[in-house]
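No experiment lies behind these values; they were computed from the predicted model shown. Hydrogens, waters and symmetry mates play no part in the numbers below; they use all other heavy atoms, side chains included.
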Amino acid sequence: MAAAEEGKAEGKMAAAEEGKAEGKMGAAEAMEVDLSSLSRSNPFVEVKFGNDFVDIPSNADESPAWLLLVGVISGALRFHRFRVARSGRISGQSEDRLEIFHDLMKPQGCSSSASAALVPDGRSLCLLQRVEKAQTDALQLQLPAEEEPPAEVPLPPLDPSMRGRCMPISADGHIWAVSATYSSGTSFRLLVQRLVIEEEEGAAAQRWEQVGPPFDQHCKFEPSLPTIWGLDFLQGYAVLPGHGREGGTLILLSLQNGLFFTFNCSSPDLGWTKVVQTSEDKDYVPILGRGLYVQETNAIYMLRKNVIYEYKLGYEERSLKIGTPMEIIFPCVTRSRAHGFLTHLGSGVMCSVLMSTALPCWQDHLHAII
């Protein structure tokens with residue numbers, strides 16, 4: 001599942017943590033969850049609207065404040081759309097179905113995972129799809145200002161050295177692509193590329209360039225980790241504005257072995273730095289997909305299975321440190337069969353979307369709990 005928030009829209013595509021829909025569409029951030037185990041040829045998502053609301057005041061603002069996109073992979077990628085009011089009420093298409101927003105053109109082969117990130121101009125998404133037996137497919141999904149279909153624009157291919165799971169990350173005014181792979185039985189390698197836009201003969205030309213040297217780290221691997229956290233060594237990330245040198249932006253990577261590393265977007269030649277962990281135990285749950293940094297609490301939040309985790313941040317001798325995660329909520333979905341994402345809408349409001357294949361009707365419909 002890939003997901004993207006949408007924000008304020010006043011005739012143009014705009015990125016915002018908080019904004020009004022007004023019948024048009026804007027875009028904000030994006031994250032992903034792998035649903036490669038689902039194999040229906042034409043999936044659609046059902047959600048019950050108008051039910052199970054608790055403690056919504058009678059004078060609450062029911063006007064749509066946010067638009068969200070959520071995509072489900074089943075061979076190809078389909079985006080659905082729904083709205084969230086400031087009261088927390090969810091609305092979508094009639095007949096309890098999430099509105100179909102766009103079917104992504106199917107690449108050669110079958111997509112096994114996809115990730116998305118907002119392009120800095122706020123008008124499009126950068127999508128990276130991992131295609132079976134092929135390198136990662138990169139494209140730009142342009143989001144229209146009016147009720148027009150989105151446009152798919154191919155991006156240059158990533159360098160073949162970017163193997164395994166690659167994630168696009170929007171940070172510091174750029175789009176970055178990051179990969180983390182085993183380079184041997186006792187070490188791993190981190191690589192980062194940046195999407196560069198140049199003017200050539202009056203037209204914009206795009207290319208990926210490697211930023212900083214490859215980072216190789218020796219590490220002991222637990223054979224059980226792929227069974228616990230999945231096969232991908234790169235699990236997730238978070239963007240930390242203001243945490244870098246002189247107030248710059250850090251990209252924090254979360255790896256399968258429970259380690260965290262940061263990359264300074266403003267000083268890429270500094271390479272990667274290991275994050276200090278406040279505990280010696282093995283309670284560090286890897287961040288899955290895009291973790292959400294909230295400045296007010298100085299913490300990262302992420303959803304894994306049916307649990308939301310909170311990672312508090314701090315400093316130790318000027319080095320970033322991360323505490324063991326706190327479990328702050330347990331959404332009512334069967335843990336072993338839950339897929340979902342969490343996104344920050346702003347003003348202290350988060351939204352989670354969970355899909356469970358443990359429900360007896362999942363063979364015919366995917367049901368979303370929002």
Which pair of non-hydrogen atoms, one from [X] and one from [Y], has the smallest distance, and what is that distance?
X      : Y      : answer
Ser179 : Cys166 : CB-SG, 3.8 Å
Ser266 : Gly248 : OG-CA, 3.9 Å
Leu342 : Leu292 : O-CD1, 3.5 Å
Pro154 : Glu152 : CD-O, 3.9 Å
Pro168 : Tyr237 : O-OH, 3.8 Å
Cys126 : Val119 : N-CG2, 3.8 Å

Kindly assign one of parallel, tilted or perpendicular to the pair [X] and [Y], based on the angle between their ring planes and the thresholds 30° and 60°.
X      : Y      : answer
Phe263 : Trp272 : tilted
Phe188 : Phe261 : perpendicular
His243 : Tyr315 : parallel

Any heavy-atom pair between the side chains of [Y] and [X] that's under 4.5 Å?
X      : Y      : result
Leu68  : Thr343 : yes
Pro150 : Pro144 : yes
Ile300 : Leu240 : yes
Leu128 : Leu158 : yes
His102 : Arg78  : no
Ile169 : Ile175 : no
Phe79  : Asp103 : no
Val84  : Pro64  : no

Any donor-acceptor N or O pair under 3.5 Å, side chains Gln235, Ser254: no

Mind running side-chain contact (heavy atoms from CB on, under 4.5 Å) on Tyr284 and Asn257 for me, showing each step along the way? CA-CA 9 Å; Tyr284 283 88; Asn257 55 9; over 6 Å; no

How far does [atom1] of [X] sit from [atom2] of [Y], to the nearest 0.5 angstrom?
X      : Y      : atom1 : atom2 : result
Leu67  : Phe82  : CG    : CZ    : 9.5 Å
Thr273 : Arg245 : OG1   : CZ    : 9.0 Å
Glu316 : Ile322 : CD    : CD1   : 13.5 Å
Thr136 : Asp159 : OG1   : CG    : 11.0 Å
Asn298 : Leu313 : CG    : CG    : 5.0 Å
Arg290 : Leu303 : CZ    : CG    : 12.0 Å

Quick one: are the ring centres of Tyr182 and Phe233 less than 6.0 Å apart?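 Ring-ring flag for Tyr182/Phe233: true, centres closer than 6.0 Å.
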
Within the 6.0 Å centroid threshold, strictly below: Tyr311 and Phe260: yes

Check against side-chain contact (heavy atoms from CB on, under 4.5 Å), Tyr301 and Met350: CA-CA 10 Å; Tyr301 299 87; Met350 291 192 183; 3.4 Å; yes

N-O pairing of Glu327 and Arg304 below 4.0 Å: no

Any link between Leu270 and Trp176 through a network of hydrophobic side chains (Ile, Leu, Val, Met, Phe, Trp, Tyr) touching at under 4.5 Å?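 Result: no, two separate clusters.
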
Test side-chain contact (heavy atoms from CB on, under 4.5 Å) applied to Leu141 and Leu104, step by step: CA-CA 9 Å; Leu141 182 66; Leu104 205 66; 4.3 Å; yes

Taking [X] for the side chain and [Y] for the main chain, is one N or O donor matched with an acceptor at less than 3.5 Å?
X      : Y      : result
Lys312 : Thr297 : yes
Asp172 : Thr249 : no
Gln206 : Trp208 : no
Ser170 : Leu118 : yes

Arg207, CZ atom: more than 12 neighbouring heavy atoms under 6.0 Å: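 More than 12 within 6.0 Å, yes.
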
Taking everything shown except Glu209 itself, do over 12 heavy atoms lie less than 6.0 Å from its CD? yes

side-chain contact (heavy atoms from CB on, under 4.5 Å) between Met167 and Leu234: does it pass, once the steps are laid out? CA-CA 9 Å; Met167 288 187 173; Leu234 175 57; 4.0 Å; yes

